Amino acid sequence: MPELPEVEVTRLSFAPAIAGANILNVQVGKPLRWPLSCNPQSLKGRKVLQVRRRGKYLLLDLSHGILLIHLGMSGSLTFGKQTPVAGKHDHFDLFTDHGLLRLHDPRRFGAVVYADSESDALAVKLLGRLGVEPLEDSFDPQVFALGLKKKHAPVKQVLLAGELVVGVGNIYASEALFLAGIRPTTRASRISKPRAFKLHQAIRQVLASAVEKGGSSLRDFSNAQGQNGYFQLQANVYDRAGLPCRACAAPIKRLVQGQRSSFYCPLCQKP
DNA sequence: CCATATACCTGGCAGC
DNA sequence: TGCTGCCAGGTATATG
């Protein structure tokens with residue numbers, strides 16, 4: 001589900017409300033992708049200072065230590081004063097004096113991991129290899145263009161790998177490549193500097209636009225207040241195989257790269 | 001080092 | 001109704 005826009009929308013929807021909250025209790029459900037790595041009860045009495053984001057991870061800064069939350073493919077958070085009984089897919093509950101933060105994740109590819117700090121070995125293992133943030137100034141077009149030159153793989157897979165730039169998942173990779181007029185199969189190393197600049201701009205534009213639209217709610221995503229996003233309504237290619245391109249009316253094509261679906265317009269996007 | 005395949009897990013849907 | 005096969009927003013790990 002969640003790529004950078006969905007994670008950021010989630011963060012924005014509960015960060016102000018949880019800031020300063022005291023942790024009263026923690027309840028864990030079925031195992032997630034990785035173990036919490038601490039006794040849940042040891043978090044009682046700590047305070048949630050703020051919520052940051054790095055790539056597709058949320059970082060809850062506690063008065064001591066941090067919680068890294070990843071939503072995997074099907075995870076979503078809710079935060080509120082009410083405490084509905086935990087359903088079969090609710091696997092992590094953080095009770096605070098500001099309300100309950102709950103992770104709902106049917107497929108359990110998500111995770112909540114405790115680390116003493118960002119320099120903790122566990123945190124470094126998860127965050128250490130991430131590329132630059134696409135919506136920050138550190139996402140430099142020149143560096144991006146040079147980075148692409150060094151990769152022989154198809155550009156779609158280079159974007160998904162998250163080593164050059166983080167946060168671009170399966171939806172927004174296809175959408176950004178459409179905006180840039182580049183086919184997903186094009187070898188990254190063969191992308192000229194002007195086209196790399198265009199892709200750089202397209203990535204920023206599509207991610208920023210998606211945050212603005214509240215993310216994409218294809219199946220089950222909603223923010224921590226339970227509100228759906230509506231970026232999917234303006235997707236140009238994602239999940240539109242066989243439908244007419246919004247720009248030229250040619251049928252959108254689907255192909256599989258690295259076991260993931262890619263979508264593109266055969267006329268608007270050049271090799 | 002690189003590129004590709006596999007694994008984790010559940011649910012929804014189309015087709016029979 | 002129920003079965004089967006395929007598909008799904010991610011990514012660490014194994015394999016060649």
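It should be emphasised that the depicted structure is a prediction, and the values quoted were computed from it without experimental measurement. So that the names make sense, note that chain A is the first sequence line, chain B the second, and so on, each numbered from 1.
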S.K.: Within this structure, what is the CD-to-C1' distance between Glu6(A) and dA8(C), rounded to whole angstrom?
M.R.: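 After rounding, the gap between these two atoms is 14 Å.
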S.K.: Rounded off to whole Å, could you give me the CG-to-C1' distance for the Asp239(A) and dA8(C) pair?
M.R.: 9 Å
S.K.: Rounded off to whole Å, could you give me the CG-to-P distance for the Leu207(A) and dG9(C) pair?
M.R.: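 From Leu207(A) CG to dG9(C) P: 16 Å.
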S.K.: Under a 4.0 Å N-O cut-off, is there an ion pair linking Lys56(A) with Glu6(A)?
M.R.: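 Looking at Glu6(A) together with Lys56(A), the answer is no, because their closest N to O distance does not fall below 4.0 Å.
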S.K.: Which two nucleotides bound the region of DNA chain B that has atoms under 4.0 Å from heavy atoms of chain A, read 5' to 3'?
M.R.: dA3(B) to dG11(B)
S.K.: Any salt bridge (charged side-chain N to carboxylate O under 4.0 Å, His left out) pairs touching residues 32-50 of chain A, not counting sequence neighbours?
M.R.: none
S.K.: Would you classify Tyr238(A) as touching base, sugar-phosphate or nothing, given that sugar-phosphate means primed atoms plus P, OP1 and OP2, and contacts are heavy atoms under 4.0 Å?
M.R.: sugar-phosphate
S.K.: dG9(C) C1' sits how many Å from Gln259(A) CD, rounded?
M.R.: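 Going from Gln259(A) (CD) to dG9(C) (C1'), I get 17 Å.
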S.K.: Compute the ring centroids of Tyr264(A) and Phe178(A), then answer whether they are less than 6.0 Å apart.
M.R.: no
S.K.: Check the angle between the aromatic planes of Phe263(A) and Tyr238(A) and answer parallel, tilted or perpendicular using the 30° and 60° thresholds.
M.R.: perpendicular
S.K.: Start at the 5' end of DNA chain B and walk down; is the nucleotide closest to Arg187(A) or to Pro106(A) reached first?
M.R.: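 Closer to the 5' end of DNA chain B: Arg187(A).
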S.K.: Report each atom pair, protein N/O against N/O of nucleotides 11-16 of chain C, whose distance is under 3.5 angstrom.
M.R.:
unit_1  : atom_1 : unit_2    : atom_2 : d
dT11(C) : OP1    : His70(A)  : NE2    : 2.6
dT11(C) : OP2    : Lys56(A)  : NZ     : 2.9
dT11(C) : O4'    : Arg33(A)  : NH1    : 3.4
dT11(C) : O2     : Arg33(A)  : NH1    : 3.3
dT11(C) : O2     : Arg33(A)  : NH2    : 3.2
dA12(C) : O4'    : Arg33(A)  : NH2    : 3.1
dT13(C) : OP1    : Lys125(A) : NZ     : 3.3

S.K.: Could you tell me whether Gly169(A) contacts a base, only the sugar-phosphate backbone, or nothing, with contacts defined as non-hydrogen atoms closer than 4.0 Å?
M.R.: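 Gly169(A): backbone/sugar contact only, no base atoms under 4.0 Å.
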S.K.: Considering only atom P, compute the distance from dC13(B) to dG9(C) and round it to an integer number of Å.
M.R.: 16 Å
S.K.: If the condition is ring pair (Phe, Tyr, Trp, His ring centres under 6.0 Å), which residues does His70(A) pass it with, not counting sequence neighbours?
M.R.: Tyr57(A)
S.K.: Let me have the donor-acceptor pairs involving side chains of residues 202-210 of chain A, under 3.5 Å, with sequence neighbours excluded, atom names and distances please.
M.R.:
unit_1    : atom_1 : unit_2    : atom_2 : d
Arg204(A) : NH1    : Glu136(A) : O      : 3.4
Ser209(A) : OG     : Gln234(A) : NE2    : 3.2

S.K.: Which one is paired to dG5(C), where only Watson-Crick or G-U wobble pairs with both distances under 3.5 angstrom count?
M.R.: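 Pairing partner, where one exists within any strand: dC13(B).
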S.K.: For a quick check of understanding: with a heavy-atom distance under 4.0 Å over all strands, which category does Lys30(A) fall into, base, sugar-phosphate or nothing?
M.R.: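 Here Lys30(A) touches the backbone only, sparing every base.
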S.K.: Nearest whole Å is fine: how far is dA8(C) C1' from Asn170(A) CG?
M.R.: 9 Å
S.K.: Might you confirm whether atom NZ of Lys198(A) has over 12 heavy atoms from other residues, nucleotides or ligands at distances under 6.0 Å?
M.R.: no
S.K.: Under the salt bridge (charged side-chain N to carboxylate O under 4.0 Å, His left out) rule, what do Arg53(A) and Glu133(A) come out as? Steps first, then yes or no, please.
M.R.: CA-CA 10 Å; Arg53(A) 181 188 55 73; Glu133(A) 286 291 331; 2.9 Å; yes
S.K.: For Asp137(A), does the CG atom sit with more than 12 other heavy atoms under 6.0 Å from it, leaving out its own atoms?
M.R.: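 Not more than 12 within 6.0 Å, no.
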S.K.: Whole Å only: how far is the OH atom of Tyr172(A) from the P atom of dG9(C)?
M.R.: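 So the OH-P distance, Tyr172(A) to dG9(C), works out to 12 Å.
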S.K.: Need one value for Lys88(A): base, sugar-phosphate or nothing, where a base atom within 4.0 Å counts as base even if backbone is also close, heavy atoms only.
M.R.: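 Sugar-phosphate only.
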S.K.: Expressed in whole Å, how much space separates the P atoms belonging to dC9(B) and dC3(C)?
M.R.: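 Pairwise P distance, dC9(B) against dC3(C), rounds to 23 Å.
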S.K.: Does the ring of Phe221(A) meet both stacking tests against the six-membered base ring of dG9(C): centre distance under 5.5 Å and plane angle under 30°?
M.R.: no
S.K.: Please report the distance, rounded to the nearest Å, between CD1 in Ile171(A) and C1' in dA8(C).
M.R.: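 Going from Ile171(A) (CD1) to dA8(C) (C1'), I get 10 Å.
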S.K.: To the nearest angstrom, how far is Arg254(A) atom CZ from dA8(C) atom C1'?
M.R.: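 For the pair Arg254(A) CZ and dA8(C) C1', the rounded distance is 11 Å.
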S.K.: Can you tell me the pairing partner of dT4(B) across any strand shown, Watson-Crick or G-U wobble, with both distances under 3.5 angstrom?
M.R.: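 Because both required distances fall under 3.5 Å, dT4(B) counts as paired with dA14(C).
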S.K.: Which ILVMFWY residues are connected to Leu243(A), directly or by a chain of links, through side-chain heavy atoms under 4.5 Å apart?
M.R.: none
